[in-house]
Amino acid sequence: MIKKRYVLNFPPDSGDKALSYHLVRDYDLRINILKAEVYPGKRGSLLLELQGKKENIEKGVDYLTTHQVICEPLDKRIHFQHEKCIDCGNCTAVCFAGALTMNRETWKLQFDKDKCVVCELCIPACPLHLFEIDFR
Ligand code: SF4
Ligand code: SF4
């Protein structure tokens with residue numbers, strides 16, 4: 001069993017389709033919605049964590065894609081210029097999800113993208129503007 005996070009963008013007419021029901025029933029996946037911005041009649045965005053067998057997650061993602069859902073791994077939506085980081089630690093103070101932490105031995109910033117919940121609080125917290133996060 002593995003866990004993977006994806007950003008999903010739904011077409012406006014997808015509200016009546018039981019996509020998550022099929023992911024659970026047909027692909028034996030556990031679904032955790034970590035963030036949602038859905039507006040009736042417009043495109044919606046979800047941050048979804050899928051848990052299950054690797055091959056079932058891949059099949060589930062294929063299923064979503066065939067239903068016009070754009071489905072991208074979370075780390076493809078996060079752009080961080082690590083090489084410019086001065087390890088000031090400001091961003092770790094706002095990252096409640098624990099994705100940004102300081103290494104206690106080297107005092108260098110560590111970024112575990114798998115823990116990110118796309119709250120976007122690190123964007124204004126970084127004095128060097130090193131984060132770009134594309135959720136919508
Ligand atoms: S968006 Fe930034 S602050 Fe929010 S969880 Fe992700 S890394 Fe942490
Ligand atoms: S706030 Fe910016 S410069 Fe400071 S540790 Fe975080 S990413 Fe690096």
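One-based numbering, in listed order, for ligands and for the atoms of each. Both backbone and side-chain heavy atoms feed into the values below; hydrogens, waters and symmetry mates do not.
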- Message: Quick check on contacts: which atoms of ligand 1 are under 4.0 angstrom from a heavy atom of V117?
- Response: 5 (S), 6 (Fe)
- Atom indices of ligand 2, in the order listed, that fall short of 4.0 Å to a heavy atom of F80: 7 (S)
- Item | Within reach of ligand 1, part of L100 (heavy-atom separation under 4.0 Å) | side chain
- ligand 2-proximal atoms of D87, by part, heavy-atom distance under 4.0 Å: backbone
- Backbone, side chain, both or neither: what part of A97 comes under 4.0 angstrom of ligand 1, heavy atoms only? side chain
- Counting from 1 in the order shown, the ligand 1 atoms closer than 4.0 Å to a non-hydrogen atom of C119 are 1 (S), 3 (S), 4 (Fe), 5 (S)
- Message: Is it the case that atom CD in E132 sees more than 12 heavy atoms from other parts of the structure closer than 6.0 Å?
- Response: no
- Report the nearest protein non-hydrogen atom to atom 6 (Fe) of ligand 1: residue, atom name, distance rounded to 0.1 Å. C116 SG, 2.4 Å
- Note on the structure: Rounded to the nearest 0.5 angstrom, the CG-NE2 distance for L130 and H79 is 14.0 Å
- Task: Quick one: look at L109 and ligand 2, take heavy-atom pairs under 4.0 Å, and tell me if it's side chain, backbone, both or neither.
- Result: side chain
- Item | Side chain, backbone, both or neither: the part of I133 lying under 4.0 Å from ligand 1 by heavy atom | side chain
- Parallel, tilted or perpendicular: which fits the ring planes of F111 and F80, with parallel below 30° and perpendicular above 60°? perpendicular
- Query: Does F111 come within less than 4.0 Å of ligand 1, judged by its heavy atoms?
  - Reply: yes
- Task: Could you check atom 8 (Fe) of ligand 2 against the protein and tell me its nearest heavy-atom contact, residue, atom and distance included?
- Result: C85 SG, 2.4 Å
- Message: Quick check: is L47 connected to L50 through a chain of hydrophobic side chains (ILVMFWY, heavy atoms under 4.5 Å apart)?
- Response: no
- Item | Proximity winner for atom 2 (Fe) of ligand 2, if only heavy atoms of C126, P124, P127 are counted | C126
- Note on the structure: If we number the atoms of ligand 1 from 1 as shown, the ones under 4.0 Å from a heavy atom of E120 are 1 (S), 4 (Fe)
- Crowded around K35 NZ? As in, over 12 foreign heavy atoms under 6.0 Å? yes
- A student checking ligand 2 against N90 at a 4.0 Å heavy-atom cut-off should list atoms 1 (S)
- Short check: any N/O/S atom of C91 below 2.8 Å from atom 8 (Fe) of ligand 1? no
- Task: Rounded to the nearest 0.5 Å, what's the gap from CZ on R5 to NZ on K115? Could you check?
- Result: 9.5 Å
- Message: Need the ligand 2 atom indices (1-based, order shown) with element for anything under 4.0 Å from a heavy-atom of F131.
- Response: 7 (S)
- Between E37 and S45: side-chain donor-acceptor atoms closer than 3.5 Å: no
- Task: Using a cut-off of 6.0 Å, state whether more than 12 heavy atoms not belonging to E83 lie near its atom CD.
- Result: yes
- Heavy atoms from other residues, nucleotides or ligands near CG of D75 exceed 12 (cutoff 6.0 Å): yes
- Query: Does E72 come within less than 4.0 Å of R77, counting only side-chain N to carboxylate O?
  - Reply: yes
- Query: Does C88 put an N, O or S atom under 2.8 Å from atom 4 (Fe) of ligand 2?
  - Reply: yes
- Item | SG on C116 to CZ on F131, rounded to 0.5 Å | 9.0 Å
